[in-house]
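Structure first, then comments.
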Amino acid sequence: MFEKRNYCGELNASDEGKQVILSGWVQRKRDLGGIIFVEFRDISGIVQIVCDTKESAEMAELMDNIKSEYCLFISGTVRKRADDAVNTNMQTGEIEIFAEKIQILNSSVLPPIPVESDNTVNEDLRLKYRFIDLRRQDMKDAIIARHKVMQTTRKYLSENRFLEIETPILNKSTPEGARDFLVPSRMNKNMFYALPQSPQLFKQILMVSGFDRYFQIAKCFRDEDLRNDRQPEFTQIDIEMSFLTIDMLIDIMEGLVKEIIKKITGTEIVLPFNRISYDEAMNRFGKDAPDMRFGMELTDCTDIFQQSEFKVFSTALENGGIIKAVVFEDGNKISRKITDELAEFVKIYKAKGLPFVKFRDGKLDAGITKFITEEQQKQLIARLDLKDNEIVFFGSDSENIVNDALGSLRLKLAQDFGLIRNDFNFVWVLDFPLFEYDPEEKRYYSMHHPFTMPRTEDLTLLDNINPENAGQIKAQAYDIVLNGVEIGGGSIRISDTKLQNKIFTLLGISEEEAKEKFSFLLEALKYGAPPHGGIAFGLDRIMMILLNKNSIRDVIPFPKTTRGQCLMSEAPSPVSSQQLDELSIKIK
RNA sequence: GGGGUGUUAGCUCAGUUUGGUUAGAGUGCCUGCCUGUCACGCAGGAGGUCGCGAGUUCGAGCCUCGUACACCCCGCCA
């Protein structure tokens, strides 16, 4: 009976008179007495069913029983609707199906959350009853769009000589980086596998093995605290190539992104994307993932306030800090209440306050104006190119705090006052520092990962590294940023054992330690390892932005809560003492 | 680990101003009527552990303390 199935959303006026067979669910029933309309839904869409209950007592009784979300089998005839009965809001609004036979395949209890709704329902209910939530149109659209992106990715990469290769999920724990999820080994007592944070080492090994273009749509796992754009398990489009330059990689990846955008939005984006250095991103936007859809860039004013009577400024400068400014276009919208709120806001980022001045009638006014000399005022007006009614917010502290606070303030103001264009803005961020210095532990950390190739011209600096100049050593690493969200990142890798060992030494990883953790990679690099590099895209984040969602949970079929629980399956859960015994595990 | 917001009918919310009779609305649900609806309409009805636990009080949805859960943010996420 299901063999010759038709799909609700695919029927149209050209099917008039056709006998059709539909299988799906009751979205809504409108009982007008002698005639009943049913909005009938399957994966493809919705079509209206008409039942004449005056003609047949049998049909009348059957229809009386049918309620929302019943699963039905319907055979009937496609009819064109009368002109005044056409529903232009409906894909299939020109037609309806005159039901000849209806069979109830399964009844449904009343769903706890409505299928016909936007996502205003509490998220914990949506997650608990995900099987109902996924029936809703916007979740269905998201899952279908995700499928299309994966298919487009596979097609594009395959056509560009990439091979899809799987790598292990059960792997070795490496304490560098994010916290691992551990899996106890039954056959090897007191030993653990770790779930992969990424297939990093394996894809590099594949390069050594000569599979010179690899990709994988890979699940990755990180046991860290969660956010709206972070899940404990997430999906990467993982890519690695041999014999490449950064320009080659960018070229191929822009092609992939273009295909994805075309598939999902139907629009052609302009290539190439903008490129910006890490340093410039930090200076102009205060973030390494700048949202460049609007202005309000940060301006350094440290030099103007070298001699300042304003204690906040002078103290910051004495401590080696900087002073930067952000200008907002409409000071009239910024009341005393709002400046207080914004001052509270920047404290999240460890700023101590938020001094400001307004610009009216050609001169500074209000806020900290009285602490600024005439000469400084003149310079400031010129530097910031101030226009009437603008308001200037200052950050003065260490460079990190100022960038963090003002970069976040810039975003908040733009969001609160609707200054952000609805657009897809891609930018490559290049020339990341190779290391970060941790003053507390007095050691260097890799900004990307320990296998990242330094810029060739910076190699000599490695021998004289100190906390001051460490930031000048740049990596051949890159991020791709979409609307201020990092959607991908990668690097050219080190393919030389000597250099790799040198980097380990600088990172304070001893020879024994390196051997213990990465010996197979170091060993592999000895056997004619090709120059190689790659990138990984966060599929969930890409989908989130393309579909304009607030959270990656809305593009993942079965996500977890911010405490890492699945409200539907109730994972994680305790296990039996027998299971623990087999693993020789004792619970504290 | 820290900060914030929220939790009242199946769902979405109001009610907390000033603690005070029987806690409301919309929607959904149930029953009846209705042959062109499409957010169908009309009439009637059911539906509440005010997250949970203490406390203050003659009296708590409302005040205090604790706690659970969800979400957002800082830290964390090579």
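Residue numbers start from 1 in every chain, and the chains themselves are labelled A, B, ... in the order their sequence lines are given, proteins ahead of strands.
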Indicate, yes or no, whether a donor-acceptor pair under 3.5 Å links the base of [N] to the side chain of [X].
| X | N | answer |
| --- | --- | --- |
| Glu344(A) | rG3(B) | no |
| Arg222(A) | rC77(B) | no |
| Arg126(A) | rC11(B) | no |
| Asp225(A) | rC76(B) | no |
| Arg179(A) | rG75(B) | no |

Taking atom [atom1] in both [N] and [M], compute the distance separating them and give it to the nearest angstrom.
| N | M | atom1 | value |
| --- | --- | --- | --- |
| rG3(B) | rA46(B) | C1' | 44 Å |
| rA9(B) | rA14(B) | P | 12 Å |
| rG53(B) | rA60(B) | P | 14 Å |
| rA23(B) | rC77(B) | C1' | 46 Å |
| rA39(B) | rG26(B) | C1' | 12 Å |

- request: Report yes or no: do Thr452(A) and Gln476(A) form a side-chain donor-acceptor pair below 3.5 Å?
  value: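 Judged by distance alone, the side chains do not pair up.
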
- prompt: Between the side chains of Ser198(A) and Lys203(A), is a donor N or O closer than 3.5 angstrom to an acceptor N or O?
  reply: no

task: Find out whether the Lys NZ or Arg CZ of Lys412(A) is both under 6.0 angstrom from the six-membered ring centre of Phe345(A) and within 45° of the ring's axis.
output: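 Satisfied, under 6.0 Å and within 45°.
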
- request: Could you tell me whether Arg81(A) and Glu94(A) have a side-chain N and a carboxylate O separated by less than 4.0 Å?
  value: no

Distance check needed: [N] [atom2] versus [X] [atom1], whole Å only.
| X | N | atom1 | atom2 | value |
| --- | --- | --- | --- | --- |
| Leu567(A) | rC69(B) | CG | C1' | 9 Å |
| Lys128(A) | rC69(B) | NZ | P | 14 Å |
| Arg227(A) | rG4(B) | CZ | C1' | 13 Å |
| Lys29(A) | rG36(B) | NZ | P | 17 Å |
| Glu96(A) | rU37(B) | CD | P | 11 Å |
| Ile36(A) | rC33(B) | CD1 | P | 12 Å |
| Phe181(A) | rC77(B) | CZ | P | 15 Å |
| Asp52(A) | rU37(B) | CG | P | 15 Å |

Under 4.0 Å, heavy atoms only, any strand: does [X] hit a base, just the sugar-phosphate, or nothing?
| X | answer |
| --- | --- |
| Phe37(A) | base |
| Tyr349(A) | sugar-phosphate |
| Leu110(A) | sugar-phosphate |
| Thr452(A) | nothing |
| Glu123(A) | sugar-phosphate |

Does [X] place a side-chain N or O at less than 4.0 Å from the phosphate oxygens OP1/OP2 of [N]?
| X | N | answer |
| --- | --- | --- |
| Thr562(A) | rC71(B) | yes |
| Thr561(A) | rA70(B) | yes |
| Arg563(A) | rA68(B) | no |
| Arg30(A) | rC40(B) | yes |
| Asn550(A) | rC71(B) | no |
| Asn122(A) | rU12(B) | yes |
| Lys67(A) | rC30(B) | yes |

Who pairs with [N] - Watson-Crick or G-U, where each distance is under 3.5 Å:
| N | result |
| --- | --- |
| rC40(B) | none |
| rG6(B) | rC69(B) |
| rG48(B) | none |
| rC58(B) | rG20(B) |

Assign the ring pair [X] / [Y] to parallel, tilted or perpendicular, where the plane angle (0 to 90°) is split at 30° and 60°.
| X | Y | result |
| --- | --- | --- |
| Phe435(A) | Tyr444(A) | tilted |
| Phe451(A) | Phe518(A) | perpendicular |
| Phe328(A) | Phe417(A) | tilted |

task: Let me know, please, whether Gly34(A) or Asp124(A) comes out on the 5' side of the other along RNA chain B by nearest nucleotide.
output: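 First, find each residue's nearest nucleotide; the 5'-ward one identifies Gly34(A).
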
- request: Please figure out whether Ile348(A) or Glu116(A) has its closest RNA chain B nucleotide nearer the 5' end.
  value: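 Closer to the 5' end of RNA chain B: Glu116(A).
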
field: Closest listed nucleotide, where the reference is the side chain of Lys54(A) and the choices are rA39(B), rU35(B), rG36(B)
entry: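 Shortest atom-to-atom distance from the side chain points to rU35(B).
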
query: Any donor-acceptor pair under 3.5 Å linking the side chain of Thr53(A) with the backbone of Gly33(A)?
result: yes

